[in-house]
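Everything below concerns the one structure shown next.
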2 protein chains.
Amino acid sequence: MNKMHKEHNLTKNQKIIFDLIDKSSQPLKAYSILYNVQKKGIKAPLQVYRALDKLVEIGKIHKIESRNAFIACHNSSCQVAKATAFTICEICEKVTEISSTGLSKYLANFKDKDGMKYSKYNLEFFGLCKKCTLK
Amino acid sequence: MNKMHKEHNLTKNQKIIFDLIDKSSQPLKAYSILYNVQKKGIKAPLQVYRALDKLVEIGKIHKIESRNAFIACHNSSCQVAKATAFTICEICEKVTEISSTGLSKYLANFKDKDGMKYSKYNLEFFGLCKKCTLK
DNA sequence: TTACATAGTGTTATATTATAACAACTAAAA
DNA sequence: TTTTAGTTGTTATAATATAACACTATGTAA
């Protein structure tokens with residue numbers, strides 16, 4: 001019982017919630033996830049938040065901080081949630097994960113005034129997506 | 001009555017709240033601000049949030065999205081909240097605004113796969129500050 | 001196998017962060 | 001003076017997130 005998901009060792013709740021987020025074309029919010037998985041036996045916010053925390057930790061999903069929403073990682077190179085970058089359209093709210101080696105190298109090597117390197121970053125760009133620009 | 005703050009046309013509430021944040025060495029959260037300004041007549045969350053919204057809009061303060069906290073802008077070049085970058089220490093929670101022309105130029109010129117430029121960004125680096133590294 | 005450690009679950013209650021709606025007031029400009 | 005846009009004060013409530021506790025499942029090592 002409670003078999004782990006083969007590919008990534010997800011538990012039942014984690015898998016239910018990951019699958020929902022993964023199928024979604026846009027970021028999902030915690031309580032919207034909750035409403036969508038209640039028929040599958042996940043009844044309380046904490047069950048959702050715990051799964052989300054774990055999924056973020058292992059890099060299967062990312063949190064869009066400015067939106068309090070969660071998106072599946074489609075960037076094969078990001079095994080852990082340590083270097084994330086997104087574009088966010090301020091009209092249609094479409095969020096896209098950026099996978100630019102130039103950008104990630106630049107940021108991974110960034111040092112502050114004291115010469116300190118930082119182990120993680122999260123970058124969010126805001127503006128208009130192509131579709132909304134053309135309207 | 002209700003004189004504007006000379007330098008930046010802040011209203012009374014905006015000035016009270018800006019002064020508090022500006023004096024603080026670390027980011028402040030909305031409800032912590034509320035408790036600190038109740039003696040000055042600001043009694044309700046909305047009064048705080050409205051002032052915060054305005055101060056963010058005009059670039060006098062920035063929101064640290066990953067912490068739901070607000071910090072005064074000490075970067076003379078950032079008149080508007082359109083290009084922000086911070087380092088955040090995961091131990092002591094010290095937050096520092098980065099003012100690196102190299103970084104800001106790099107990010108301001110970033111284009112996504114479709115060649116789209118974005119009008120705003122927010123970047124948060126996480127790691128250890130110098131002090132915490134030495135401990 | 002048993003014992004142990006680690007991690008996940010289900011549950012209730014509650015804390016924290018943020019906004020809706022509405023009436024009134026203020027400041028600046030036409 | 002009238003209008004306009006923005007801010008204020010207020011009550012209520014929505015949305016986001018965690019504390020605490022008892023219990024269950026799984027992996028590992030004696």
Side-chain angles (χ1 to χ4, degrees), chain A residues 1-21 26-71 80-81 93, chain B residues 1-21 26-71 81 93 95:
Chain A
M1 199 176 162
N2 228 2
K3 271 275 184 59
M4 294 293 191
H5 180 212
K6 292 150 201 167
E7 199 182 353
H8 297 280
N9 281 3
L10 299 185
T11 64
K12 180 171 132 274
N13 286 0
Q14 288 162 10
K15 183 164 181 352
I16 290 168
I17 286 170
F18 174 71
D19 286 347
L20 182 68
I21 296 172
Q26 77 268 70
L28 295 179
K29 299 185 146 239
Y31 277 74
S32 135
I33 292 169
L34 177 59
Y35 301 139
N36 275 284
V37 297
Q38 280 181 325
K39 55 195 166 230
K40 300 203 171 166
I42 295 177
K43 289 170 189 161
L46 245 197
Q47 296 175 286
V48 173
Y49 279 104
R50 285 198 283 227
L52 290 174
D53 286 351
K54 187 66 183 179
L55 291 167
V56 166
E57 186 191 324
I58 64 180
K60 296 282 291 176
I61 65 173
H62 302 303
K63 183 173 184 181
I64 308 301
E65 293 287 355
S66 66
R67 299 296 187 259
N68 297 317
F70 299 86
I71 192 177
V80 178
E93 291 291 325
Chain B
M1 199 173 161
N2 229 1
K3 270 274 185 62
M4 294 292 193
H5 180 212
K6 292 149 200 167
E7 200 181 355
H8 297 281
N9 280 6
L10 299 184
T11 65
K12 180 172 132 271
N13 287 359
Q14 289 162 9
K15 182 165 181 353
I16 289 169
I17 286 170
F18 174 71
D19 286 346
L20 182 69
I21 297 172
Q26 77 268 70
L28 296 179
K29 301 187 143 233
Y31 277 74
S32 135
I33 292 169
L34 177 58
Y35 300 139
N36 274 284
V37 297
Q38 280 181 326
K39 56 195 163 227
K40 299 205 173 168
I42 295 177
K43 288 171 189 161
L46 244 197
Q47 295 174 287
V48 173
Y49 280 103
R50 287 198 281 225
L52 290 172
D53 286 351
K54 188 63 184 181
L55 291 167
V56 166
E57 186 192 325
I58 64 179
K60 296 282 291 176
I61 65 173
H62 302 304
K63 183 173 186 182
I64 309 301
E65 292 286 354
S66 65
R67 299 298 187 260
N68 296 317
F70 299 85
I71 192 178
E93 291 290 326
V95 172

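Throughout, a chain's letter reflects where its sequence line sits, starting with A, and its residues are numbered from 1. Values reported hereafter were calculated over all heavy atoms of this structure, with side chains retained and with hydrogens, waters and symmetry mates removed.
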Distances under 3.5 Å between nitrogen or oxygen atoms of protein and nucleotides 18-22 of chain D:
none

Handout entry: A:Lys63 vs D:dA17: side-chain N/O to OP1/OP2 distance below 4.0 Å
Key = yes
Problem - Any side-chain heavy-atom pair of A:Ile17 and A:Leu10 under 4.5 Å - result: no
Completion exercise
Looking only at heavy atoms, the pair that brings A:Ile21 and A:Phe70 closest together is CG2-O, 3.7 Å
Practice task
Give a yes/no on whether any side-chain N or O of B:Lys29 is located under 4.0 angstrom from OP1 or OP2 of C:dA15.
Solution key: no
Handout entry: B:Leu34 CG - C:dA15 P separation (whole Å)
Key = 16 Å
Practice task
Considering just the side-chain nitrogens and oxygens of A:Asn9, establish if one lies under 4.0 Å of OP1 or OP2 belonging to D:dG27.
Solution key: no
Completion exercise
Assert: residue with more 5' nearest nucleotide on DNA chain C, out of A:Ala44 and A:Gln14, is A:Gln14
Handout entry: Distance, nearest 0.5 Å, that separates CG of A:Leu28 from CG of A:Asn36
Key = 7.5 Å
Please tabulate, for side-chain N and O atoms in residues 41-56 of chain A, each donor-acceptor pair with protein atoms closer than 3.5 Å (sequence neighbours left out).
unit_1	atom_1	unit_2	atom_2	d
A:Gln47	OE1	A:Lys43	N	2.8
A:Gln47	OE1	A:Ala44	N	2.9

Handout entry: B:Asn68 side-chain N/O to C:dT17 phosphate OP1/OP2 under 4.0 Å
Key = no
Fill in the blank from the handout: By side chain to side chain contact (heavy atoms under 4.5 Å, CB included), B:Gln38 pairs with (sequence neighbours left out) B:Leu34, B:Tyr35
Completion exercise
A:Leu52 atom CG is separated from C:dT9 atom P, nearest whole Å, by 12 Å
Fill in the blank from the handout: Between the OG1 atom in B:Thr11 and the CD1 atom in B:Ile16, the distance rounded to the nearest 0.5 Å is 8.5 Å
Exercise for the section: Can you pull out how bent the helix from C:dT1-D:dA30 to C:dA30-D:dT1 is, comparing the axes over its first five and last five pairs, to 10°? Expected result: 30°
Handout entry: Any A:Lys54 side-chain nitrogen or oxygen under 4.0 Å from OP1 or OP2 of C:dG8
Key = yes
Exercise for the section: Could you list the residues that satisfy side chain to side chain contact (heavy atoms under 4.5 Å, CB included) with B:Glu93, not counting sequence neighbours? Expected result: B:Arg67, B:Ile88
Problem - Length of the NZ-P vector between A:Lys43 and C:dG10, whole Å - result: 9 Å
Practice task
Round to a whole Å and report the spacing from NZ of B:Lys12 to P of C:dT26.
Solution key: 11 Å
Handout entry: Phosphate OP1/OP2 of D:dT8: any B:Thr11 side-chain N/O under 4.0 Å
Key = yes
Completion exercise
In terms of heavy-atom contacts, B:Asp19 and B:Lys15 come closest through OD2-NZ, 2.6 Å
Problem - Between P of C:dG10 and NZ of A:Lys40, the distance in whole Å - result: 14 Å
Handout entry: A:Ile71 and A:Gln26, any side-chain heavy atoms less than 4.5 Å apart
Key = no
Practice task
Would you tell me if any nitrogen or oxygen in the side chain of A:Gln47 comes within less than 4.0 Å of OP1 or OP2 on C:dG10?
Solution key: yes
Handout entry: Rounded distance in Å - CD1 (A:Ile17) to P (C:dG8)
Key = 13 Å
Problem - A:Glu65 CD - D:dA15 C1' separation (whole Å) - result: 16 Å
Exercise for the section: Round to the nearest Å and state the distance from A:Asn13 atom CG to C:dA7 atom C1'. Expected result: 13 Å
Practice task
Just jot down the side-chain hydrogen bond (donor to acceptor under 3.5 Å, both in side chains) partners of B:Ser66, sequence neighbours excluded, or say none.
Solution key: B:Glu124
